[in-house]
Amino acid sequence: MLDKAFDPAAMEARLYAASEAAGVFSADPARPAAPFAIVIPPPNVTGSLHIGHALNNTLQDVLVRWRRMQGRDALWMPGTDHAGIATQMVVERLLASEGQERRAMGREAFLRRVWAWKAESGGTITRQLRRLGASLDWPRERFTMDEGLSRAVVEVFVTLHKQGLIYRDRRLVNWDPKLLTAISDLEVESREVKGTLWTLRYPIEGEPGRFIRVATTRPETMLGDTAVAVHPEDARFADLIGRHALLPLVGRRIPIIADAYSDPEKGTGAVKITPAHDFNDFEVGRRHGLPMPTVLDPEARIRLDEIEGELADIPGVAEAGFVRSLAGQERFAARKAILEKLEALDLLEKAEPHTHQVPHGDRGGVPLEPRLTWQWYCDAATLAKPAIEAVETGRTVFVPKQWENTFFAWMRDIQPWCISRQLWWGHQIPAWYGPDGHIFVERTEEEAKAAARARYGHDVALRRDEDVLDTWFSSALWPFSTLGWPERTPELAKYYPTDVLVTGFDIIFFWVARMMMMGLHFMGEVPFRHVVIHGLVRDEKGAKMSKSKGNVMDPLELIDAYGADAVRFTLCALASPGRDIKLSRQRMEGYRAFATKLWNAARFCEMNGIRPQPGWDPASARSALARWILDASNAAIAEAETALEAFRFDDCASALYRFVWNGFCDWFLEFAKPVLQGPDGPEKVEVQGAAQHVLGVILRLLHPIMPFVTEELWVRLGYGEEAGLPRAPWPAPAPVQEAEVARAELEAVIRLISEVRAVRAEMNVPPSLVTPLLVQGAAPEVLACWARWMEAIRRLARASELRVLEGAPPAGVAQAVLGEATVMLPLAGLVDLAAERARLSRERDKAADEARKIERKLGNAEFLAKAREEVVEETRERLAAISAEIARLEAALARIAD
RNA sequence: GGGCGCUUAGCUCAGCGGUAGAGCGCCUGUCUUACACACAGGAUGUCGGCGGUUCGAACCCGUCAGCGCCCA
């Protein structure tokens, strides 16, 4: 016997372990079944499961479990990402706590340490995914830094380099002065900062006392100014174009140039140009062939080596000694010193409060410095073209389609992708430098040496590039590198392209776009057919969850409290496309109640001799009740399937919720009770047969969303072996004879019971009081139908009998109008006649309102002429029905008039 | 500044051309032997404002307002 309530904590770990051990989550390329493949968005190896992962992986698991049950050879590829910066930071912090430092220990020792950390702590998130119930194919688990994937990375790098799509370039990059590495445009987060706009005066050469005023938010970079730009059509400065200003403090002669970049409306109309420290200035510098001295070192401290020779002393303008004193100063300290000096020289005109956007590193969180450095770049624009085309032609479809615009906007204006990082943890770039600086990009050191020998005629010492690749470079290969590429494995042949990618919109650029580019370039085919984009999980007030706000909901804690099934069901039910999810504990309580409801329905079945009957044939069902529930379960199957095909997890969840709770429990089991508790016989056998069949359908339909409670019941009730449900066949619709007739029959009974219940409740009739039902005006077939269901009506409507009223009704009746029939409940002494009159009048008025609306519609000649015929017909029928009802209500009122 | 999305019952959200829906909450009643994480019943909406298209608009188009996100 099942316990009174189910206890998820007691069963989840056991059930998962059994399935995993039985290998039911494993794909098999040798199986003839059609594939269904999803690759997991690899979580950071440093990560632990947060609510966003819970959503993302629940949705994937629902799809995978569903397709697996449909008989597909389903592969859900697990793995983690080495997460360059994040992991390096974690291990560096660990070292710091031990009083150690990365540089002091050296690269090799540090990397050994990271691997040791990974071996010890890297499995956290994969353990947590198991608690969620994620049916990943664990034996295939991969890591972006493992041997095979690293080989794929080298292969891709070398190939793209030989194709000219990866190259070295010296240009401005976003430099993180805290992490001391270049980062890509995408890792830049612009933050609004309340700062100051300073107006500086640069003296005009040869005209003492005349100045050009420039506005800047970054006075500390002025040491690297090599021009002042004004708009070519700005009359105020026309006579200055072509002349020179004297750069304060430094004494450098800098030209006043005309460039449309300078906006006459902004600031003073003149801007200082610092090509090595500002992206816009860099472009101006390029256009005008300006020198580009760097005046900040990697840690954003002042450095003077590139301008040392230019330092001069000009009274009232430049002071070489002062500038030298800035060397090594941190950028914000230098800013302060420079402003003070300018003020002292009367070259600082004003300072105004100014709010502006300042680029920050998304990892380090400090303001970035544009820095002129050599880095490796990937020609994303070239790779993007086929990816754009693939989405345009529908080879890959975004769901919701809306997101394709976001994808296009990014891809059509894509910039060169800076792929080198000045870190140690990651894939080291396979490039070696010869003594003359020539670069050899090869798969191995041996090949690089051979290439060098071929070039120089003898062996030379090669120096390997120290940098590693952007983490997203290896992630971009994930859909094929995990399948064994560059080997031509059976897995690659069978599962690529994968079917679906499920992810959040925040990584469309980082990851989806890059997988599209690399997949198309190296596999010649898109990496996935559908990209399902889900929303962000927020707290119940709609605020983003964050540690600092303290509103984080920990999925593991939620699983402990409500069970994994309830967490999963909640996430599915709330996953409306294109919307963020506002998650609340209250919602989760509601869906835990649903799991309990299912458990108790199964318990009821068990108590009433409802056991699995594998050979039971639904087509043999004769009774209306059996046919009705079988037909309803067919509808539920269709609804669930349609929803999942469209990635409508919310629709799937609500359709199943309704069917199980309202259809199966509230009506079917209630109707079944009189039969089940009555004498043995064919009727009971048939109801038991239908019940076991439909319960089996329910357990399978719910399994993708609620794998644990369904599997526990599946096994406990005897539907199958342990670990059997994940591979049980997805339910097929059962053939049902004359389903229409059964539907009409049950609808008539439900209607009667509902109406009688409503009347009783409104009249405050105590449930303990049973009454006869007196019927007037019912069609003979309806009467017959009700008679057949008398036992159920007796229980559910608390009726003692149902009989046709001959002659006048007794005094003190409450009445329910159902179409042509009127049902009366004799309640002499109990019924408050005034209340009953009020209730019936209210109903009458509502019906009359509705009738008026319909009449107006039918009175409109244009409606009759232009509306579709079925619509007109339907409207007429509605009017007829409602008119009849009004007449019955009037009659009922007349019967109890005072 | 550009782009996208949202605005429907107290709350969270479905519905996206032909009779306004669900869950929760609220109110009333009930230990009716599967389930009080339950059962039965009830109340609650000029579907953000305005204008247009249409026989007919929550739904399509325009416009305004408020909110949110992304990119400059």
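Chain letters run A, B, ... following the sequence lines, proteins first and then strands; every chain starts at 1.
- Among the heavy atoms of the strands lying under 4.0 Å from A:R868 is at least one base atom, whether or not backbone atoms are also near.
- If you check B:U19, B:A34, B:C37 against the side chain of A:T596, the one that comes closest is B:C37.
- Set against B:A36, B:A14, B:U19, the side chain of A:K4 has B:A36 as its closest nucleotide.
- With distances taken from any side-chain atom of A:A758 to the nucleotides B:C70, B:G41, B:G18, the minimum falls on B:G41.
- Partner assigned to B:A57 is none, using Watson-Crick or G-U wobble distances below 3.5 angstrom.
- Looking at every heavy atom in both residues, A:V537 comes nearest to A:G52 through CG2-CA, 4.4 Å.
- Of the residues near RNA chain B, A:E874 and A:N764, the one whose nearest nucleotide (by heavy atom distance) lies more toward the 5' end is A:E874.
- B:C11 and B:G48: their P atoms are spaced 14 Å apart (whole Å).
- Taking both residues in full, the closest heavy atoms of A:D3 and A:R603 are given as O-CD, 3.2 Å, listed atom of the first, atom of the second, then distance.
- For A:F509, whose side chain is taken as the heavy atoms from C-beta onward, the closest listed nucleotide among B:A34, B:C71, B:U7 is B:C71.
- With a cut-off of 3.5 Å on both Watson-Crick or G-U wobble distances, the partner of B:G1 is given as B:C71.
- Rounded to an integer number of Å, the gap from A:D666 CG to B:U30 P is 20 Å.
- The gap from the C1' atom of B:G18 to that of B:C13 amounts to 24 Å, rounded to the nearest Å.
- The phosphate of B:U32 (OP1 or OP2) has no side-chain N or O of A:K673 nearer than 4.0 angstrom.
- As rounded to the nearest Å, B:C59 and B:C6 have P atoms that lie 13 Å from one another.
- Of the candidates B:C37, B:G23, B:C6, the closest approach to any side-chain atom of A:R587 belongs to B:G23.
- Across B:G41, B:C13, B:C55, the shortest atom-to-atom separation from the side chain of A:F863 is found for B:C55.
- Using a 4.0 Å heavy-atom criterion, one finds that A:N860 contacts the sugar-phosphate atoms exclusively.
- Listed here is the closest heavy atom pair of A:A602 and A:L717: CB-CD2, 3.9 Å.
- A cation-pi arrangement is present between A:K673 and A:F604, with the terminal nitrogen or guanidinium carbon under 6.0 Å from the aromatic centre and inside a 45° cone about the axis.
- Using a 4.0 Å cut-off between charged nitrogen and carboxylate oxygen, A:E850 and A:R878 count as a salt-bridge pair.
- Taking atom CZ of residue A:F407 and atom C1' of nucleotide B:G3, one finds them 17 Å apart after rounding to whole Å.
- If you take OH of A:Y562 and C1' of B:C24, they are 13 Å apart, rounded to a whole angstrom.
- Between A:E392 and A:R412 a salt bridge is recorded (basic side-chain N to carboxylate O distance below 4.0 Å).
- The side chain of A:Y657 has B:G23 as its nearest neighbour among B:G23, B:C69, B:G41.
- Per the geometry, CZ belonging to A:R585 stands 17 Å off P belonging to B:C37, to the nearest Å.
- Taking only side-chain nitrogens and oxygens, A:K582 comes nearer than 4.0 Å to OP1 or OP2 of B:C13.
- Using P as the reference atom, B:G15 and B:U7 are 10 Å apart when rounded to the nearest Å.
- A:S576 comes within 4.0 angstrom of sugar-phosphate atoms only, judged by non-hydrogen atoms across all strands, and of no base.
- Comparing the P positions of B:U32 and B:C16 gives a spacing of 43 Å, expressed to the nearest Å.
- Atom pair A:E873:CD and B:U19:P shows a separation of 16 Å (rounding to whole Å applied).
- One interatomic measurement links the two molecules: CD of A:E639 to P of B:A14, which rounds to 18 Å at whole-angstrom precision.
- As judged by a 4.0 angstrom heavy-atom cut-off over every strand, A:R603 is placed among residues touching the sugar-phosphate backbone only.
- B:A14 and B:A22: their C1' atoms are spaced 7 Å apart (whole Å).
- Between A:R658 and B:A14 there is no side-chain polar atom (N or O) within less than 4.0 angstrom of OP1 or OP2.
- Across the protein-nucleic acid pair, A:F659 atom CZ and B:G23 atom C1' stand 19 Å apart, rounded to whole Å.
- The minimum heavy-atom distance linking A:C665 with A:L669 is given by the pair O-CB, 3.7 Å.
- Between the P atoms of B:A57 and B:C37, the separation comes to 47 Å (whole Å).
- B:G5 sits 27 Å from B:U19 when the P atoms are compared, rounded to a whole Å.
- Note on A:E762: only backbone sugar-phosphate atoms sit closer than 4.0 angstrom, heavy atoms only; bases stay farther off.
- Residue A:R757 has no polar side-chain atom (N or O) positioned under 4.0 Å from OP1 or OP2 of B:G42.
- Across all strands shown, A:E589 has no heavy atoms under 4.0 Å from either base or sugar-phosphate atoms.
- When heavy atoms are screened at a 4.0 angstrom cut-off, A:C665 is found touching base atoms of the nucleic acid.
- What separates CD of A:Q402 from P of B:C4 is a distance of 8 Å, to the nearest Å.
- Ring geometry, A:Y719 versus A:W714: the interplanar angle falls under 30°, so the pair is classed parallel (tilted spans 30 to 60°).
- Salt bridge annotation for A:E369-A:R218: present, with a cationic side-chain nitrogen under 4.0 angstrom from a carboxylate oxygen.
- B:C39 is paired with B:G29 under the Watson-Crick or G-U wobble criterion, all donor-acceptor distances under 3.5 Å.
- Heavy atoms of A:R794 sit nowhere under 4.0 angstrom from any nucleic acid atom.
- Residue-level contact check: A:K597 touches the bases, meaning some heavy atom is under 4.0 Å from a base atom.
- Close to B:C39, at under 4.0 Å from its OP1 or OP2, lies a side-chain N or O of A:W661.
- Proximity note for A:K853 (side chain, C-beta onward) versus B:G15, B:A20, B:G23: the nearest is B:A20.
- As the counterpart of B:G62, B:C50 is assigned, both hydrogen-bonding distances of the Watson-Crick or G-U wobble pattern falling under 3.5 Å.
- Contact annotation for A:N608: no contact, since no heavy-atom pair falls under 4.0 Å across all strands.
- At a cut-off of 3.5 angstrom, counting only N and O atoms as typed in the model, there is no donor on one side facing an acceptor on the other between the side-chain of A:E670 and the base of B:A40.
- Taking 4.0 angstrom as the limit, A:R579 places a side-chain polar atom (N or O) nearer than this to OP1 or OP2 of B:U7.
- Residue contacts shown for A:A593 include a base, since a base heavy atom lies under 4.0 Å away.
- Along RNA chain B, the nucleotide nearest to A:A573 and the one nearest to A:K866 differ in position, and the one closer to the 5' end is contacted by A:A573.
- For A:E645 and A:T642, the side-chain atoms include no donor-acceptor pair closer than 3.5 Å.
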